Protein chains: 2
Amino acid sequence: MPQAPSKARTATADEIRQAALEQFARSGYDATTMRDIASSVGIKAASLYNHFDSKEEILWDLTRAAMHELAANRDDALARLDPSTGPRERLAAFVRAHVGFHAERRYQAVLVNSQLGSLSRAHHRKAIGLRDVYEASLKAIIDAGVAGGEFKVSDAPLTTLAILQMGTGVSAWYRPDGRLSIDQLCAEHVKLALALVTRGPQ
Amino acid sequence: MPQAPSKARTATADEIRQAALEQFARSGYDATTMRDIASSVGIKAASLYNHFDSKEEILWDLTRAAMHELAANRDDALARLDPSTGPRERLAAFVRAHVGFHAERRYQAVLVNSQLGSLSRAHHRKAIGLRDVYEASLKAIIDAGVAGGEFKVSDAPLTTLAILQMGTGVSAWYRPDGRLSIDQLCAEHVKLALALVTRGPQ
DNA sequence: ACATATAACTAACGAGCGTTAGTCTAGCCC
DNA sequence: GGGCTAGACTAACGCTCGTTAGTTATATGT
């Protein structure tokens, strides 16, 4: 029992993280074995325990990091805006960040979107909490737009989920060699999201 | 090796289907054991093999049925329309059927949306084929609306996926005792979908 | 009533899983 | 240069998995 519990930032630990992320996202947590992960890194399964305490700890390490990076990515995008920026531009910035993350870092996105159920109960609760905060941050933008009269929505909570869900889905089908670049994808999604909060002349 | 290979429509087989559906949807295919399923039905794991040849066959039986019922549900909704019905009403009917299915039969929907990866390669291919046909049927409605000038979209394939994804997401969070009834949910989603194909005055 | 088929049971197999124990080796610090 | 430690290794444990074999009981059809 040598080193610090889990925060190890060594090169091998990062290789393990990378291999586990790809396989958890591609095949699912249950279908991925410790021997699979170790083999990708070029070591034996038992050696993984020099870097992580358990398989679930690897999943949680990855999930936690992905969710924090998703939030940080959004914060960066919104922080770049002038404080007086209106809701339309704030929504656009959120959607660009959201969709960009789900395309550019789709393995992390897939993990967050489909493997939360494999976490321990305590970690699952924390993940749901982070997700709720993330959702609330979009809802706040929409609510502000509605309050200011720039947005018109029939049901704000449902519209929030719809916008998130459109972008989340990107991680399921996006491929780097696809028809649209990430910038185009983000731009299209911004148009779609704005359409959802702008009741046209019916 | 007694009975017909797999088409058995006995009461016990249906109980097995029901139990497996719930647990596959709730916990995932890999995390559900044959002993879990058998226990829900009140029999032993070995007895499951009087009704199905393998665990994967249960999953495929359920997946296949769910996808066919999803398509049949859409066909019913569209068949009720007058042949001269315009694209807006056709899109509305599709979305009502799509969202209604994903709320009312969310276990089947979850299976189709998140457990396809556990199918054998041959079955997986068939499932992807059915999904592609389903997606194409929505795209055809959108294309028709664009061709007729009733719809204005920036990117038809992306808009198709966005509408599907909004509805698909419902199966992940809908609960029968939730804030909105299924009818309300469908009506809201129709509004959202129509907003996506109707470029307002920007 | 008796043969037959259906569908349950108990028992177990072989494989694979996450994980642990104990060992060996190479590089770093005094 | 000798001790120490990080991190790899081999071996194996205990468990659970899907599945099979063989047996038994309960209905049904004539």
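Every chain is numbered from 1 and lettered A, B, ... according to where its sequence line falls, protein lines coming before strand lines. Please read all numbers here as calculations on a predicted model, not as lab measurements.
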To the nearest angstrom, the CD1-C1' distance between Ile16(B) and dA8(C) comes to 11 Å
If we only count heavy atoms from C-beta on, is the Leu196(B) to Val153(B) side-chain gap below 4.5 Å? no
Gap between atoms CD1 and C1', on Ile58(B) and dG18(D) respectively (whole Å): 11 Å
Using salt bridge (Lys or Arg N to Asp or Glu O under 4.0 Å), reason through Arg74(A) and Glu69(A) one step at a time and then give a plain yes or no. CA-CA 8 Å; Arg74(A) 169 210 60 195; Glu69(A) 289 168 26; over 6 Å; no
Between Asp75(B) and Arg80(B), does a salt bridge (Lys or Arg N to Asp or Glu O under 4.0 Å) hold up when you go through it step by step? CA-CA 9 Å; Asp75(B) 289 342; Arg80(B) 262 187 250 289; over 6 Å; no
Nucleotide N/O of nucleotides 8-14 of chain D paired with protein N/O under 3.5 Å:
| from | atom 1 | to | atom 2 | distance (Å) |
| --- | --- | --- | --- | --- |
| dA8(D) | OP2 | His51(A) | NE2 | 2.6 |
| dA8(D) | N7 | Asn50(A) | ND2 | 2.8 |
| dC9(D) | OP2 | Lys44(A) | N | 2.6 |
| dC9(D) | OP2 | Ser47(A) | OG | 3.0 |

Can you name the ring-ring contact (aromatic ring centres under 6.0 Å, His included) partners of Phe101(A), sequence neighbours left out? none
Between Asp30(B) (CG) and dT16(D) (C1'), how many Å, whole number? 14 Å
Between dG7(D), dG18(C), dG18(D), which nucleotide has the shortest distance from any of its atoms to the side chain of Met34(B)? dG18(D)
Identified side-chain contact (heavy atoms from CB on, under 4.5 Å) counterpart of Ile16(A) within the set Asp61(A), Val41(A), Asn50(A): Val41(A)
Between atom OH in Tyr49(A) and atom P in dG22(C), what is the gap in whole Å? 17 Å
Roughly, in whole Å, what's the span from CD1 in Ile37(A) to P in dG16(C)? 18 Å
Between Lys55(B) (NZ) and dT20(D) (P), how many Å, whole number? 15 Å
Rounded to whole Å, please give me the gap between CZ in Phe52(B) and P in dG18(D). 15 Å
With rounding to the nearest 0.5 angstrom, report the CZ to OG1 distance, Arg26(A) to Thr32(A). 10.5 Å
